[in-house]
Amino acid sequence: MELFGRIRLAFILISAVLVLNGIFLAMIWVPPHETMGDVQRIFYFHVASAWIAYVAFIVTFATSIVYMKTKDLKWDNWAVASAEIGVVFTTLAILTGPMWARAIWGEFWRWEDLKLLMTLVLWLVFIAYLALRANVQSRRSKATLAAVFSVIGMLCIPLSFAANRIWIQSHPTVIASDQGEIVTAGMVPALIVAVFAMTFLYIALLLLRVGAAKLQDRADELKLKVGD
């Protein structure tokens, strides 16, 4: 097995162990929250998914910039792979957030909350990013247009992350919060494991997707040779 394959397998195995441990800690080991009860168990999956959404789109932006400088399509493979995974994790964050909100706020969504709105915009931008790629035929044109489009998504990330730290928002601030004790001492181990689990799962999925893209590129090259 080549080095890339061994690294990929290692991340798959580690992520599987961490995800199982994360589920156990969040659903069984951690006691119910003092004020929010069992609904707070959604918190671990929501925070970890939102974290990976930011990471995935930052990777898309960074690899897109590298592609623009080098014109090496392998970096475009990394960019689109990360964007696809980012859309999945952002979807998870958007779905789990309203579950918690309905129980705590009595409603699924608050449109006046800038953090929620910018996260939704981020999700829509990268849905459009993938749609753009699907409707452009030229491989080079697809990569270039998508790279430019990723800049828009990158601008949404700091607005989404910092909104509830700069302005008064409904969405609670997990770190450095003045809104009361959102994260108690007993929740910290489960939260750390959840974040690491999602991070390793993201890397494993990214390596799998990039590996598939490499195979597709080789297949396309063989088609061109046969055609010639």
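The analysis underlying the following values was restricted to heavy atoms, covering all of them including side chains, and did not include hydrogens, waters or symmetry mates. The structure presented is a predicted model; accordingly, all values stated were derived computationally and were not measured.
Val88 and Leu207 fall into different hydrophobic clusters, where Ile, Leu, Val, Met, Phe, Trp and Tyr residues are linked whenever their side-chain heavy atoms come under 4.5 Å apart, directly or through other members. Residues Leu215 and Leu73 do not share a hydrophobic cluster, clusters being chains of Ile/Leu/Val/Met/Phe/Trp/Tyr side chains in contact below 4.5 Å. Tracing side-chain contacts under 4.5 Å through hydrophobic residues (I, L, V, M, F, W, Y), one reaches Ile94 starting from Met99; they form part of the same cluster. If you chain together hydrophobic residues whose side chains sit under 4.5 Å apart, Leu95 and Leu205 never meet in one group. Neither Leu13 nor Leu20 shares a network with the other; the hydrophobic side chains, linked directly or stepwise wherever heavy atoms of I, L, V, M, F, W or Y lie under 4.5 Å apart, form separate groups for each.
Residues Thr90 and Phe57 have side chains in contact (heavy-atom distance under 4.5 Å, counting atoms from C-beta outward). Annotation: side chain of His46 is not in contact with side chain of Trp100 (no heavy-atom distance under 4.5 Å). Side chains of Ile127 and Trp123 form a contact here, defined as non-hydrogen atoms less than 4.5 Å apart. Contact of the Asp72 side chain with the Tyr67 side chain is not registered, since no non-hydrogen atoms from C-beta on lie closer than 4.5 Å. Using a 4.5 Å heavy-atom cutoff, the side chains of Val19 and Phe200 are not in contact.
Judged by distance alone, the side chains of Ser82 and Tyr202 do bring a donor and an acceptor atom under 3.5 Å apart.
When Val55, Ile52, Leu18 are each tested for a side chain to side chain contact (heavy atoms under 4.5 Å, CB included) with Thr199, only one passes: Ile52.
For the atom pair Leu122 CG and Tyr54 OH, the distance stands at 7.5 Å (nearest 0.5 Å). We find the CZ-CD1 distance between Phe126 and Ile152 to be 9.5 Å, quoted to the nearest 0.5 Å. Rounded to the nearest 0.5 Å, atoms CG (Leu206) and CZ (Arg8) are 11.0 Å apart. With rounding to the nearest 0.5 angstrom, the CD1 atom of Ile14 is 12.5 Å from the CG atom of Leu201. Remark: Leu116 CG to Leu120 CG distance equals 9.0 Å, nearest 0.5 Å. One finds the OG1 atom of Thr119 at 11.0 Å from the CG atom of Leu124 (value rounded to the nearest 0.5 Å).
Although no hydrogens or angles enter the test, the distance criterion places a donor-acceptor pair under 3.5 Å between the side chain of Arg140 and the main chain of Lys71. Panel note: side chain Arg102, backbone Phe108; no donor-acceptor pair is recorded below 3.5 Å.
Across all their heavy atoms, Val30 and Arg41 have their closest contact at O-NH1, 2.6 Å. Between Ser64 and Ala79, the shortest heavy-atom distance links the atoms OG-CB, 3.5 Å. Closest of all the heavy-atom pairs between Ala143 and Arg133 is CA-NH1, 4.2 Å. Ala194 and Ala48 get closest at one heavy-atom pair: O-CB, 3.6 Å. The minimum heavy-atom distance between Ala83 and Thr60, with the atom names listed, is N-OG1, 3.0 Å. In this structure, Leu25 and Pro189 approach most closely via the heavy-atom pair CD1-O, 4.3 Å.
Taking Tyr44 as the reference, nothing meets the side chain to side chain donor-acceptor pair (under 3.5 Å) condition, with sequence neighbours excluded.
Judged as a salt bridge (Lys or Arg N to Asp or Glu O under 4.0 Å), not a single pair has a partner in residues 55-69 (not counting sequence neighbours).
The number of heavy-atom neighbours closer than 6.0 Å to CH2 of Trp78, taken from other residues, nucleotides and ligands shown, is above 12.
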Exercise. Test Leu191 against Phe43 for side-chain contact (heavy atoms from CB on, under 4.5 Å), laying out the working first.
Key: CA-CA 9 Å; Leu191 179 59; Phe43 165 87; 3.8 Å; yes
Self-check item: Phe149 vs Val125, side-chain contact (heavy atoms from CB on, under 4.5 Å): CA-CA, chis, key distance, verdict
Solution: CA-CA 8 Å; Phe149 207 75; Val125 166; 4.0 Å; yes
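Salt bridge absent: Lys142 and Asp76 never bring a charged side-chain N and a carboxylate O closer than 4.0 Å.
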